[in-house]
Structures are given as C-alpha cells and as structure tokens.
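Shown next, in structure tokens, is the structure this report addresses.
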Amino acid sequence: MANITAADVNKLRQTTGAGMMDCKKALVEAEGDFDKAIEILRKKGQKVAANRADRESTEGAVIAVVNADKTAGVVISLNCETDFVAKNESFVKLATDLAELALNFNTKEEFLAAAFGNITVEEKLTEQTGVIGEKIEIGSFERLEGAFVGSYIHAGNRIATLVSLSANVEGGEEAARNVAMQAAAMAPLALNEEGVDAAVVEKEIEIAKDQLRQEGKPEAMLDNIAKGKLGRFFKDNTLVNQDYIKDSKLSVSGYVKSVDASLVVTGFKRVALA
C-alpha cells in the first residue's frame, strides 16, 4: 500500500479543488498515482454531474472581458444552483478565468472543447460539479467585435454587458462603459428599430390598435395613431433611442455624439441571471 502523505493530499487538493478527505480517498484508491487520483476525482465529478443533470442552475456569476486592443469582448455566465456557491470567491475567480479563455473563441461549442490546463473546459465543469456538489455549466456565451469595445459588470456579478462603438476616440472608453451601464440597467430589446424582430413590431401595433378601439377611436385613424405609439415603444426598448440614464435630456445616441460628433453605438450584448 502506498504511503500517502499530507503533502500529497494537499497537492491534489490544490490541483483539483476537491476536499481533503476526497483527495485522500482518491490517492489511496490510486495507490499514490497522482494522475490516476485526478482521474478518479473527475469520474466522481461525472457521476455527480449525471445525478444533478435535471437540476436548475439559475444562480452563478456573469463576467465580461475585453481584449487588450479593445476590439473584441465576451460575456459568459458560469451557472450554479445556489447563491451561496455563486458568491464564493473561488467560484467567481473560475468564472473570470474561463471568461479570459473564452476571448479566444467565437462560439460556445469551440470554447467548451478548448483546453483548460490538462483537461477541456467541459471536463473542468464536470470536475467542479463533483468538487462543489452542484450542477455547474456555462449558461450564456456572447461575443462582440467592433472598432472599440467596452464592458460593464454590475455589482454581484448577476448582469454584465458589452458595447461596441464606431471608433476609438478620446473619451471613448468612458462612453462605452456608460452605455454598457445603460444596457445593464435598462435591458433594451435591440440596438435600434431595425434590430427589433418583425413579429414583435406587429404584435405591438396590434396591441396599440386594440387599446385605441377600446378608447373609441375611429378605425380610419388607428394606423397613424398606432405608429405613434410604436415610436414610443422604440424609444423605451431600443438602446440608442432610450433616454440616457445620466442625463434624460439626451438619448443614448445623443450622449455618444456629445463625446464625438461622428461616434455611434454599433452593437451590444447583455447577459443576466434570471
């Protein structure tokens, strides 16, 4: 029987994040073989993951990161089952490390298959399910590219956003962050009118017409009045047309033009936990 020392157990714990007793049991089962012990712990994680596959992972941490030249960013959510785990410092660090890695990939599928240490991201999530005892998964993966990309993470890591601007201008970093804060706070449906799904527009027009009929408005007037109400819907629900939260005299579009006359918001991504 292999001689399992406290140093061996601690090394395995540091490598995997598993509990002391789990590490000791794995090393004993592996007869001191470090790599085999890691595999045993991973298999335990896979078993736990399978047992918890039907659980809801609605808590977690949402992290947004941007690359060094501010031309691309990603926002991901690392989901878990409880708020207790979501607030754990090591969980938030794992979410941040994963977000940094995610910068190198265009899709969630590519990211999950990527190497994270000597295992894949997907295998790491399975491993952590075993370590933590909760279902751990990547919920959202959103990528944004542009001439200048900024980010914002709301306190508590429950909402994070990315915003792209048309150019890298003086004051652009602050502007991008402010608009990202706007997107986090106001949850716009789309960037502008063109980005709103046609089915949503049609539904809003029908709702407006029904309200007008109930008010007794003549049928011949409904189309024009409904279009006016649709304009209000766009103002409330599209990012560039919303009132800027720090100065309601300006729209978001007007705010960025106050930074630079040619500057426009070209895109945004918003991820929030339910």
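All values reported here derive from a predicted model rather than from experimental measurement.
Using a 4.5 Å cut-off on side-chain heavy atoms (C-beta onward), E174 and V259 make no contact. Between Q128 and E134 the shortest side-chain heavy-atom distance does not fall below 4.5 Å. Taking the side chain as every heavy atom from C-beta outward, L98 and F116 approach each other to under 4.5 Å. Residues L189 and F233 form a side-chain contact, since some pair of their non-hydrogen atoms from C-beta on lies under 4.5 Å apart. Put simply, the side chain of L12 reaches to within 4.5 Å of the side chain of I38, judged on heavy atoms. Side-chain contact check for V252 versus M186: every heavy-atom pair is 4.5 Å or farther apart. Inter-residue side-chain proximity for E173 and F148 is flagged as met; some heavy-atom pair is nearer than 4.5 Å. The side-chain heavy atoms of F234 and V201, taken from C-beta on, include a pair separated by under 4.5 Å.
Residues A86 and V92 share a closest heavy-atom pair of O-CG2, 3.5 Å. Annotation for A37 and A30: closest pair N-CB, 3.6 Å, computed over non-hydrogen atoms. Contact between I132 and F91 at its shortest, heavy atoms only, is CD1-CD1, 4.3 Å. Of all heavy-atom pairs between L239 and P188, the closest is N-CB, 3.6 Å. Taking each heavy atom of V149 and V66 in turn, the nearest pair found is O-CG1, 3.5 Å. The shortest heavy-atom contact between T126 and R42 is CG2-O, 4.4 Å.
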Next on the checklist: Quick one, N168 with K70, criterion side-chain hydrogen bond (donor to acceptor under 3.5 Å, both in side chains). Give me CA distance, side-chain angles, the key distance, then yes/no.
Outcome noted: CA-CA 9 Å; N168 185 355; K70 310 292 186 184; over 6 Å; no
Next on the checklist: As a quick check of understanding, evaluate side-chain hydrogen bond (donor to acceptor under 3.5 Å, both in side chains) for S166 and T266, giving each step before the final call.
Outcome noted: CA-CA 6 Å; S166 58; T266 58; over 6 Å; no
Checklist entry - What do the steps show when you test T120 against L112 for side chain to side chain contact (heavy atoms under 4.5 Å, CB included), and what is the final call? => result CA-CA 7 Å; T120 67; L112 289 173; over 6 Å; no
Checklist entry - Please walk me through it: do F105 and V74 pass side chain to side chain contact (heavy atoms under 4.5 Å, CB included)? => result CA-CA 9 Å; F105 301 94; V74 295; over 6 Å; no
Next on the checklist: Pair K235, R232 - check side chain to side chain contact (heavy atoms under 4.5 Å, CB included), show working.
Outcome noted: CA-CA 5 Å; K235 180 175 174 59; R232 181 68 202 188; 3.9 Å; yes
Next on the checklist: Apply side chain to side chain contact (heavy atoms under 4.5 Å, CB included) to residues L230 and I205 and explain how you reach the verdict.
Outcome noted: CA-CA 7 Å; L230 184 62; I205 290 174; 4.1 Å; yes
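A salt bridge is absent between K25 and D22; no separation between the charged side-chain nitrogens and carboxylate oxygens falls under 4.0 Å. Under the 4.0 Å criterion applied to side-chain N and carboxylate O atoms, E127 and K124 are assigned as salt-bridge partners. Of the charged side-chain nitrogens involved, at least one lies within less than 4.0 Å of a carboxylate oxygen, so that R158 and E59 count as a salt-bridged pair. Ion pairing between a basic and an acidic side chain is recognised when a charged N comes within 4.0 Å of a carboxylate O; K209 and D223 show such pairing.
The main-chain N or O of M221 is never found under 3.5 Å from a side-chain atom of N224 such that the two would form a donor-acceptor pair. Looking at D8, its side chain does come within 3.5 Å of a backbone N or O of T5 through a donor-acceptor pair. Checked by atom type and distance alone, the side chain of E81 never pairs as donor or acceptor with a backbone atom of S57 at under 3.5 Å. Checking side-chain atoms of Q182 against main-chain N and O of D243 turns up a donor-acceptor pair under 3.5 Å. Counting only distance, with no hydrogens or angles, the side chain of K93 and the backbone of N88 share no donor-acceptor pair below 3.5 Å. Formation of a donor-acceptor pair under 3.5 Å by the K135 side chain with backbone atoms of R55 is found in this model.
Atoms CG and CD1, from N79 and I138 in turn, are 8.0 Å apart once rounded to the nearest 0.5 Å. To the nearest 0.5 Å, atoms CG (L162) and CD1 (I153) are separated by 9.0 Å. Rounding to the nearest 0.5 Å gives a distance of 13.0 Å between OG of S140 and CD1 of I63. Going from atom CG of N157 over to atom CG of L273 covers 9.0 Å, rounded to the nearest 0.5 Å. With rounding to the nearest 0.5 angstrom, the CG atom of L78 is 9.0 Å from the CD atom of E137. How far CD of E142 is from OG1 of T161: 12.0 Å, rounded to the nearest 0.5 Å.
No chain of hydrophobic side-chain contacts below 4.5 Å, direct or via other Ile, Leu, Val, Met, Phe, Trp or Tyr residues, connects L250 to V264. L263 and Y244 fall within a single hydrophobic cluster, where Ile, Leu, Val, Met, Phe, Trp and Tyr are joined by side-chain heavy atoms under 4.5 Å apart, directly or via other members. Follow the hydrophobic side-chain contacts under 4.5 Å out from V271 and you reach L144 in the same cluster. Placement of V169 and V179 within a single hydrophobic cluster is found when ILVMFWY residues are connected by side-chain heavy-atom separations under 4.5 Å, directly or transitively. Residues I136 and V62 do not share a hydrophobic cluster, defined by chaining ILVMFWY side chains whose heavy atoms lie under 4.5 Å apart.
Taking a 6.0 Å sphere around NZ of K43, one finds it holds 12 or fewer heavy atoms contributed by other residues, nucleotides or ligands. Counting heavy atoms of neighbouring residues, nucleotides and ligands inside a 6.0 Å radius, atom CD of E170 does not exceed 12 of them. Atom CD of E206 sits in a crowded spot, with more than 12 heavy atoms from other residues, nucleotides or ligands closer than 6.0 Å. In the displayed structure, E56 atom CD is contacted under 6.0 Å by at most 12 heavy atoms of other residues, nucleotides or ligands.
A cation-pi arrangement is found for K11 relative to F34, the charged atom lying closer than 6.0 Å to the ring centre and inside a 45° cone about the ring normal.
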